[in-house]
Structure formats: structure tokens, C-alpha cells
Amino acid sequence: MVAGSARAYRAPWRSAGWTTSRILHASMTAKPAKPAKPAQPTSQPTSQPTGASAAPSATGLRAATEEFLALSERIREGGGVKGIERQHRHGRLTARERINLLLDPGSPQFECGLFTAWNMYREHGGAPAAGVVTTIGLVGGRQCMVIANDATVKAGAFFPMTCKKIIRAQEIAQRSRLPLLYLVDSAGVYLPLQEDVFPDTDDFGRIFRNNAVISASGLVQIAAIMGNCVAGGGYLPVLCDKLLMTEGSGLYLAGPALVKAAIGQEVTSEELGGAQMHAEISGTIDYREKDDPACLHRLRALMFQAMSAPPAPEPPYEPADSERPPSSVFEIFRSEPGQQYDMVDLLRAIVDGDTLHEYRSEHGRSIVCADARIGGWPCGIVANQKKLTQRKMPGGKAGPSAATNMPGVIYDDSAEKAARFILACNQNRVPIIFVHDTTGFMVGRDSEQGGIIRAGAKMVNAMSNSIVPKIALIVGGSYGAGNYAMCGRAFDPLLTLAWPGSKCSVMGAAQAASTLLQIDLAARERKGEQVDETMRKELLEAITRSYSEQQDVRYGAARGWLDRIIEPASTREELILALQIAAGFPIVGELRTGVFQT
């Protein structure tokens, strides 16, 4: 069958023989095996790398990737050796062991928010991955969002970023129509930070509000309590469609110590909120299970009964290999100041071969717009061009004049082209992938007189009002209004991915440091302070160091500004999964842009 013909997609994990029918048979005929004891971490992990600096210690994309992979492994260790041993001592699995047992064997995981809370809460001992794992994976051939508390991190307590991470996972699931499976094992709110966890619209209570709203929308929600579930956190599982609970777990609004302090009643944990009590007396839970493996086996079985959850979508076209090897991104991409690369060459290492059709390739060249397919999934691509390009402009008797476009800069003609292309993607009902490597919009007299603000407004308007799913990928820089126009976090991307070593801020570190230094010096002068050259240099270095830390993509990932940092060589595979997730996004209504600048 030729590459352009429609057919059922054979997912990468099926190459190992895991067809949907085999998964169904395996799940329904045998209980999952006990997981092997995981390899023990070599050291106690923290939420930050060794040393205080947040900037990559090595240079270049390969070095940044190696550092990212090493740090990712440390974060996945959660609370480290002692936390893992404590879980096993209680007869419980860790969050990641539970997820591996729940998901279809050999199927890929699309983990979101691994770097959440990185380098944060150091005064509290850190909170790797914010103490919760959120990942999209297959259960019986159905895509599901799994949210699992990591009890090795502060007993699974909720930090402020824990709430934001779970809310973001719920949002992705709701927008993509994914079932939600909650693996609950949490001590509740982390009390030293309760004022930042408890009250607001992106805090603890919002999770329960979302439970109710998601249920009303018809999405499947199943919760399994496999440890602690106390205080307000008890509402999460009870607001789900079905509730499982393992023996030895606890579900109560107040534990025995608090009950005694509040009303003087002495009661055991089992009497207050044990699995047997909730199964026999309160009727709160639906299934009482012996242990974690039995509970996860039951949870898989319940998902097979959830006929409202469709099988994972498959692309309409036969996938084809990319024209260039996916690993060639390391040879193509350039991150060093002053270096250039051709974005079209980079895209040829990502999209299916012979499917890249560049839109208006000779006009507005500082942005590449193209129709393409990735893994058989049709999509539109809007990407910043990172090499010098030529622009022709109308002239008088002498004819058209020529000008040079700087790499990564958005010009007025490029913005207008991108706006028109975005409208066309909406007309075709295809998702749009925005590939960021931009310093922002062009500035200066000629640009302002040429209507750069008006042209940028067109692009922002078209992108903001798009009814198709939007996916953002930051490969280099993503600065200022360029970030906005390329579907930054504020503009509702379904998913935001980034390469290691990429940067995101209002402007580059050098420009920002110079600006902030001038402000600081002016303030000191007003106070009558004398600043010599040595002090000026020290101030500039301190400001540059601080700003460089803040523009590091890991800083943004820690605060939930993006969903996933990825290996550059796996970009094609990552985007195939992202497009598969986006396929469940309902495209409804008509595109309306309101007042459109002309």
C-alpha cells in the first residue's frame, strides 16, 4: 500500500505483537504479575540537580539532552530509596510501579509535568514532580489520563504545584475526551503551605469541582484508593463514577488523632475509614480489593466495560518514514549565537516523507507554513525560519527592491501569511503545530511604518480563535510577543512540548540584563549612591545569572508553563502521540475572528 493511501494505523507498540485483541485477552484471562522490585537509586534525589545553578552546565543540544536525561531519571526516583522501601514495607507499590502494571504492556507513555516543581520548595526538602505522576497511556487499547499520587514524596501531600499539575491533567483529558483514572495515595494538603494550596481557582478545591463537571460531561472517571485518602482529598475518589479500595487503606475526613482532639472519641483507623467498613457499612466504595495488583487488575477490567470510551484513534493515512533520519536534528539544529539553520531541513526530519507542502514558500519567508503528515496524521505547521532570507518589496520605476530578513524574527508579511494559513487549517479541520525558535517581532521605524503591530494582531487573532487543536513545540528561543503569536501557554495549546536547552522569556538574557541594570543604576543614583565599574560589572553578572535561570525552559516547566520536555531525536514519535491525543479533541462550531485588522 502506498504512503498516501488511507488505512488503519499500526501503532509503534504493536510492532512487538501487542494488538488490541491480544491486550484484551491477556487482561481478561490472567491477573497481572507482581512487578519486579525496581533498581535502587544510587543516591537520594532532590527536586534540583547537584548545585544551585539552574542553567545547563554543558553547551550544545547533545549536552543539554544528556543532562536532561540524567536529571529526568533522578526526578523519577521520587522520594528516593527510603521512600520506595517504605512503600514496599507497607505492602504497597510506588506510583510508577502501579502505572506500569495498569497500562497495556509495551505501550508508550506520554508523561506530562515530570519537571513540575523542579528546583522549588527547597526549604521544605523539595517535591520531585510535585509528588504526583500524570501520564497518558493505553488501558485495553483506550487512551486514558492516569493521575497517581507519589507517596514516596512527603506521603503524597499536595503542594501548590501538585494542584496545578492535576488541574492541567484534568484539562488535557477534558479537552481530548480521555477517561481519567486516579490512583490515590495521599496525606492531603501539605499544611505548611496551606494558604497557597487551599482557596483559589487553580488550587485544591478546583480539582473536586472538575471531578463533578467532568462527570457531567460524560467522561469516565474511576478512582482506586491504595493508601491514604484523608480530609478534603476524600472527595476526589467519591466524586468519580466507580471507586475501588485496597485493604489497609484509609478514607476519612479526619483521622483518629484529629477525631479524638475534636470530639474526644477514640476510634481505630479501620473503624473510621477502612476498606471493610466502607464496603460493608457506609457503602461508599464499590470494590474492596486485597492488594495493589488485584486492585489494578479490577481497574483494567472496569475499563473494558466502559464502552463510552472509544479505542485509541488511528490515523487516516499510511505512515511513511521521514525524509531525513529523526536523529539528524542534532546535525541540523544550531543554538549558538549567530548560527543559522534551515527550519525546512529540520521539518524534513520530523514529517512523513514527501508530505511537506510549503505554503507561499517565496513570500513571508521568516515564517515557514506547511501542510504535512506526521505518522499518517494530517496537520498544519507554523514554524520560525532560522536562517537569513530575502524579501522583495514593490518599487517604482526601478522595480522591486530587496531586503534581508533576520533569522527567527517575525516580519509583517510573515505574520500576515501565517494568519491566512491558520485560517485555512481551521477550514480544513486539521490541528496546527507551532514550532518556536523566535526572538519576537521586528522593531524599528520601517517595521512600525509597515504595520507590524497590525500584522501581528492578525496572526494573534487567527491563532486565538482557532477551533482546531493547537500543539506548541519550543526548539530554541521563544521570546516576548513572538511566544504569544506562536501559541504560547496563554493561548490554550492542547499540549506544549520543548527541547532541552530551549528558552522562554519576555526577551533574551543579554537585552533584559542590560535593561534591568540601567533601571537599577538609575535608582541607585537617585539615592546618591556612587557605582564604580567594578560594582557595575558585578551587578550585570548577578542580573544576567538570575535572568538566565528564569529563561531556562526547566524553570517554566517547573511552574507548569509547558507539559513535556522531550528528547530531540524523538520529536517525530512525540508529535505522533500528541496528534493521536489531539484526534479526540472535538472540533465544533465555526471559526469566528471578530474584528480583524486589515
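Values below: every heavy atom of this structure, side chains too, minus hydrogens, waters and symmetry copies. These numbers come from a predicted model, not from an experiment.
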Quick one: are F115 and L71 in side-chain contact, heavy atoms under 4.5 Å? yes
What's the spacing between I410 CD1 and S447 OG if we round to 0.5 Å? 11.0 Å
Show your reasoning for whether side-chain hydrogen bond (donor to acceptor under 3.5 Å, both in side chains) applies to Y341 and E331. CA-CA 10 Å; Y341 67 91; E331 285 73 49; over 6 Å; no
Any ion pair linking E318 and R373 (charged N to carboxylate O, less than 4.0 Å)? no
Nearest heavy-atom neighbours spanning R429 and N426: NH1-O, 2.8 Å
Passing candidate, salt bridge (Lys or Arg N to Asp or Glu O under 4.0 Å) with D342, options R348, R324, R334, K387: K387
Would you indicate whether I453, at its atom CD1, is surrounded by more than 12 heavy atoms from other residues, nucleotides or ligands within a distance under 6.0 Å? no
Using only heavy-atom distances, determine whether the side chains of E549 and Y555 contain a donor-acceptor pair under 3.5 Å. no
Is there a donor-acceptor contact under 3.5 Å from the side chain of S401 to the main chain of G395? no
CG/D354: more than 12 non-hydrogen atoms of other groups inside 6.0 Å: no
Below 4.5 Å, heavy atoms only, C-beta onward: do V430 and W377 meet side chain to side chain? no
Side chains of L577 and Q580: closer than 4.5 Å at any heavy-atom pair? yes
Minimum heavy-atom distance between A485 and F434, given as atom pair plus value: O-CE2, 4.3 Å
Rounded at 0.5 Å granularity, tell me how far SG in C369 sits from NE2 in H363. 10.0 Å
Tell me, do V351 and S322 make a side-chain contact under 4.5 Å, heavy atoms counted? no
Does a salt bridge link D563 with K165, judged by any charged N lying under 4.0 Å from a carboxylate O? no
A cation-pi test, strictly: NZ or CZ of R175 under 6.0 Å from the centre of the six-membered ring of F585 and no more than 45 degrees from its axis. Yes or no? no
Begin from the C-alpha positions of R391 and D413 and carry the test salt bridge (Lys or Arg N to Asp or Glu O under 4.0 Å) through to its verdict. CA-CA 9 Å; R391 174 183 183 180; D413 57 339; 3.3 Å; yes
Is the closest basic N to carboxylate O distance between E77 and R74 below 4.0 Å? no
Taking S478 for the side chain and I474 for the main chain, is one N or O donor matched with an acceptor at less than 3.5 Å? no
So, S107 side chain and L103 main chain: donor-acceptor pair closer than 3.5 Å or not? no
Would you please say whether a donor-acceptor pair under 3.5 Å links the side chains of N100 and Q109? yes
Do we see a donor-acceptor contact under 3.5 Å between the side chains of T389 and N405? yes
Could you report the tightest heavy-atom contact between I422 and A462, atom names first, then the distance? CG2-O, 3.6 Å
Within 45 degrees of the ring normal and closer than 6.0 Å to the centroid, is that where the cationic atom of R62 sits relative to F330? yes
Close side-chain approach of C504 to N483, heavy-atom, < 4.5 Å: yes
Do the side chains of K503 and D437 get close enough for a salt bridge, i.e. N-O under 4.0 angstrom? no
Show, in sequence, the C-alpha distance, side-chain angles and deciding distance for R365 and E358, and conclude whether the salt bridge (Lys or Arg N to Asp or Glu O under 4.0 Å) test is met. CA-CA 11 Å; R365 292 180 172 181; E358 193 174 347; over 6 Å; no
Assess the pair F333 and W499: is the distance between their ring centroids shorter than 6.0 Å? yes
Any donor-acceptor pair under 3.5 Å linking the side-chain atoms of N210 with those of Q174? no
Heavy-atom check, side chain of Q551 versus side chain of Y479, under 4.5 Å: yes
Take E574 and R564 through the salt bridge (Lys or Arg N to Asp or Glu O under 4.0 Å) test and state the conclusion after the steps. CA-CA 10 Å; E574 295 279 353; R564 184 168 168 83; 2.8 Å; yes
Ring of F491, cation from R489 - is the NZ or CZ under 6.0 Å from the centre and inside 45° of the axis? no
Please find the pair of heavy atoms, one from D412 and one from A455, that lie closest to each other, and give the distance. O-CB, 3.5 Å
If you measure only the distance, is there a donor-acceptor pair under 3.5 Å linking the side chains of T593 and N461? no
So, do P326 and S570 sit near enough that their side-chain heavy atoms are less than 4.5 Å apart? no
If we only count heavy atoms from C-beta on, is the M486 to M459 side-chain gap below 4.5 Å? yes
Verify the distance criterion only: is there a donor paired with an acceptor across the side chains of T404 and Q390 at less than 3.5 Å? yes
Donor on one side chain, acceptor on other, E416 and Y411, under 3.5 Å: no
Check the surroundings of atom CD in E171: do more than 12 heavy atoms from other residues, nucleotides or ligands lie under 6.0 Å from it? yes
Is the backbone of S366 close enough, under 3.5 Å, to the side chain of S414 for a donor and an acceptor to pair up by distance? yes
